[in-house]
Amino acid sequence: MGGGHLEDNVFKQYLKSKQLFRRNREILRPSYIPDELPHRQQQISQLASVLVTALKGERPSNILIFGKTGTGKTASVKYLGNEIKKADSELNKVSFVYMNCEIVDTQYGVLQNIGNRLIDDFNERIPFTGWSTERVYNILRDKIDEEKKVFIVVLDEIDKLVYKSGDDVLYHLSKINDDLQNARVSLIGISNDLKFTEFLDPRVKSRLGEEKMVFPPYNAEQLKDILSQRAAVAFDDGVVEESVIPLCSALAAQEHGDARRALDLLRVAAEIAERNYDDKITEAHVHKAKNKIELDCVTETVKTLPTQSKLVLMSIILNEEKDNGRLTTGDVYGTYRELSHVVGVSILTQRRVTDLISELDMLGIIRARVKSFGRGGRTKEIESSVPLLETKRVLEEDEMMYGLKNYKPKTQTTLM
DNA sequence: TGTCCACTGGAAGGGAGGGCTT
DNA sequence: AAGCCCTCCCTTCCAGTGGACA
């Protein structure tokens with residue numbers, strides 16, 4: 001490095017740049033649980049009034065909590081979990097087990113997971129596969145019953161579990177108290193789908209929903225309070241321009257009052273500002289953040305798709321690029337067969353591909369609606385709902401798809 | 001009014017892949 | 001090694017269907 005003037009030194013910008021985050025940026029992550037949850041006092045005290053029974057050594061009623069994403073359900077429950085642990089630290093009569101059923105979504109998985117939380121000895125752990133479910137249940141039951149204790153088991157995203165694996169586990173868990181001599185178990189189910197209880201066995205439904213609560217969405221004002229509270233800890237005074245927090249709140253309020261979204265907007269805006277070496281967070285950063293979040297979300301989902309789904313998605317995109325009117329399952333399947341042949345993977349049946357299409361629809365990557373074309377038959381009408389070029393680029397990054405660069409499908413879709 | 005198309009989506013089950021048990 | 005168990009991904013089979021057209 002020759003003796004350059006500081007002006008043209010590569011480190012110049014770094015030296016000049018200012019650290020925007022005062023502390024750990026975790027504070028702006030939705031998973032962070034602050035000491036106080038604004039605008040959730042009512043829900044928290046209602047929950048507390050039910051759960052306090054546990055501290056008296058008796059079983060609290062089971063609770064079902066409903067509310068859209070980002071309405072503070074998980075945060076409130078975890079917050080109470082911590083409070084209970086504090087209150088119980090001397091007596092140690094209560095155990096709090098939290099589990100996310102989107103990650104653990106099988107009967108076996110749920111039982112195994114709860115069981116292993118209670119087993120310290122590594123050698124006694126329940127293996128993630130191999131045993132019969134009944135055996136896992138028996139171990140779990142015995143383990144729970146060892147002490148006179150109250151177990152509060154939280155099943156977050158419980159609807160996912162029910163849709164995937166039915167209600168057998170819930171049946172057993174909600175009835176486990178009949179098999180216990182000493183301990184007591186109470187369940188807290190968290191769901192953002194109000195209707196999932198319709199899929200439950202009536203007995204399970206009534207046992208699980210002894211208490212029900214709904215978390216309403218936050219409005220823009222409330223979101224502002226939440227953001228201000230966290231921003232005050234995360235940033236120094238004056239770093240956040242005045243209009244930034246109201247803007248984040250307003251944008252998130254449009255998305256059914258999603259606090260998670262509001263926090264993400266603010267955090268990503270700050271990150272963008274930091275990367276640009278700006279010393280303030282402005283509205284422009286928030287708008288950029290909004291686009292980035294949306295695009296990242298798509299990119300991430302597409303990237304993590306299994307190969308076969310990627311091929312199906314690619315087929316849809318290629319067809320759409322040709323733009324020949326409506327796109328049906330048959331068209332997509334035709335192209336899909338072609339592509340699979342080109343890249344040399346096994347070709348799935350149309351039945352299976354229908355399911356993959358439905359999955360893509362559920363992920364929000366495409367839109368697929370069943371429609372009847374009279375004599376033309378009844379089938380899904382498909383259109384992608386992501387930016388074509390970007391998505392295609394992401395798909396092409398997959399080694400599997402190398403052979404498809406610049407590939408033009410041959411299948412002629414019949415024109416309208 | 002009925003026909004008939006091009007699928008849809010449920011049911012059942014196979015088999016591979018993880019792993020435990022004896 | 002043989003015999004289990006549980007889950008995932010997939011196939012086979014098939015009754016069912018909305019609505020344009022004859």
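Throughout, a chain's letter reflects where its sequence line sits, starting with A, and its residues are numbered from 1. Any value given below was found using the heavy atoms of this structure, including those in side chains, with hydrogens, waters and symmetry copies removed. The structure displayed is predicted, hence computed values, not measured ones.
As rounded to whole Å, 16 Å separates atom P of C/dG18 from atom CZ of A/Arg369. The CG-P distance, from A/Leu311 to C/dC10, rounds to 11 Å in whole Å. For the pair A/Arg352 CZ and B/dG9 P, the computed distance is 14 Å after rounding to whole Å. The OH atom of A/Tyr163 sits 14 Å away from the P atom of B/dG10 (whole-angstrom rounding). What separates CD of A/Gln112 from C1' of B/dC20 is a distance of 13 Å, to the nearest Å. Note: NZ (A/Lys371) to C1' (B/dA6) measures 15 Å, nearest angstrom. Across the protein-nucleic acid pair, A/Asp361 atom CG and B/dT8 atom C1' stand 14 Å apart, rounded to whole Å. One atom, CZ of A/Arg135, and another, P of B/dT22, lie 7 Å apart when rounded to the nearest Å.
Taking only side-chain atoms of A/Thr379, from C-beta outward, the nucleotide of C/dC10, B/dG2, B/dT8 with the closest atom is B/dT8. Closest to the A/Arg351 side chain, of the nucleotides B/dT8, B/dG9, C/dT11, is B/dG9. The listed nucleotides are C/dA22, C/dC10, C/dG18; the one nearest the side chain of A/Gln308 is C/dC10. For A/Arg378, the side-chain atoms get nearest to C/dG18 when compared with the rest of C/dA22, C/dT11, C/dG18. For A/Thr106, counting side-chain heavy atoms from C-beta on, the closest listed nucleotide (C/dT7, B/dG9, B/dA6) is C/dT7.
Put simply, A/Thr133 has a side-chain N or O that comes within less than 4.0 Å of OP1 or OP2 on C/dC6. In this structure, A/Ser165 does not reach the C/dT7 phosphate: none of its side-chain N or O atoms is under 4.0 Å from OP1 or OP2. Look at A/Thr329 and you'll find a side-chain N or O under 4.0 angstrom from OP1 or OP2 of B/dT8. The phosphate of C/dA20 has neither OP1 nor OP2 within less than 4.0 Å of any side-chain N or O from A/Arg375. For C/dT11, one of the phosphate oxygens OP1 or OP2 lies less than 4.0 angstrom from a side-chain nitrogen or oxygen of A/Thr349.
Across A/Arg260, A/Arg261, A/His256, a single residue satisfies side-chain hydrogen bond (donor to acceptor under 3.5 Å, both in side chains) together with A/Thr69, and that is A/His256.
For the contact set between residues 119-132 of chain A and DNA chain C, defined by any heavy atom under 4.0 Å, the members are A/Gly130, A/Trp131, A/Ser132.
At least one cation-pi condition fails for A/Arg230 and A/Phe235: the charged atom is not both under 6.0 angstrom from the six-membered ring centre and inside a 45 degree cone around its axis. For A/Arg117 and A/Phe96, the positive end is not near the middle of the six-membered ring at less than 6.0 Å and at most 45° from its axis. A/Arg40 forms a cation-pi arrangement with A/Tyr218, by the criterion of a distance under 6.0 Å to the ring centre and an angle within 45° of the ring axis. A/Lys78 forms a cation-pi arrangement with A/Tyr98, by the criterion of a distance under 6.0 Å to the ring centre and an angle within 45° of the ring axis.
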* Asked: Are A/Asp331 and A/Thr328 close enough, and set up right, to give a side chain to side chain donor-acceptor pair (under 3.5 Å), and what steps lead you there?
  -> CA-CA 5 Å; A/Asp331 301 331; A/Thr328 66; 3.2 Å; yes
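Nucleic acid contact for A/Ile357: none, since no nucleic acid atom lies under 4.0 Å from a heavy atom of the residue. Here A/Lys380 lies in heavy-atom contact (under 4.0 Å) with sugar-phosphate atoms only.
Heavy atoms only, all atoms of each residue included: A/Ile63 and A/Leu47 are closest at CD1-CD2, 3.6 Å.
Between A/Gly377 and A/Val370, the residue anchored nearer the 5' end of DNA chain B, judged by the nucleotide with its closest heavy atom, is A/Gly377.
Aromatic rings from A/Tyr163 and A/Phe199 are positioned such that their centres are separated by under 6.0 Å.
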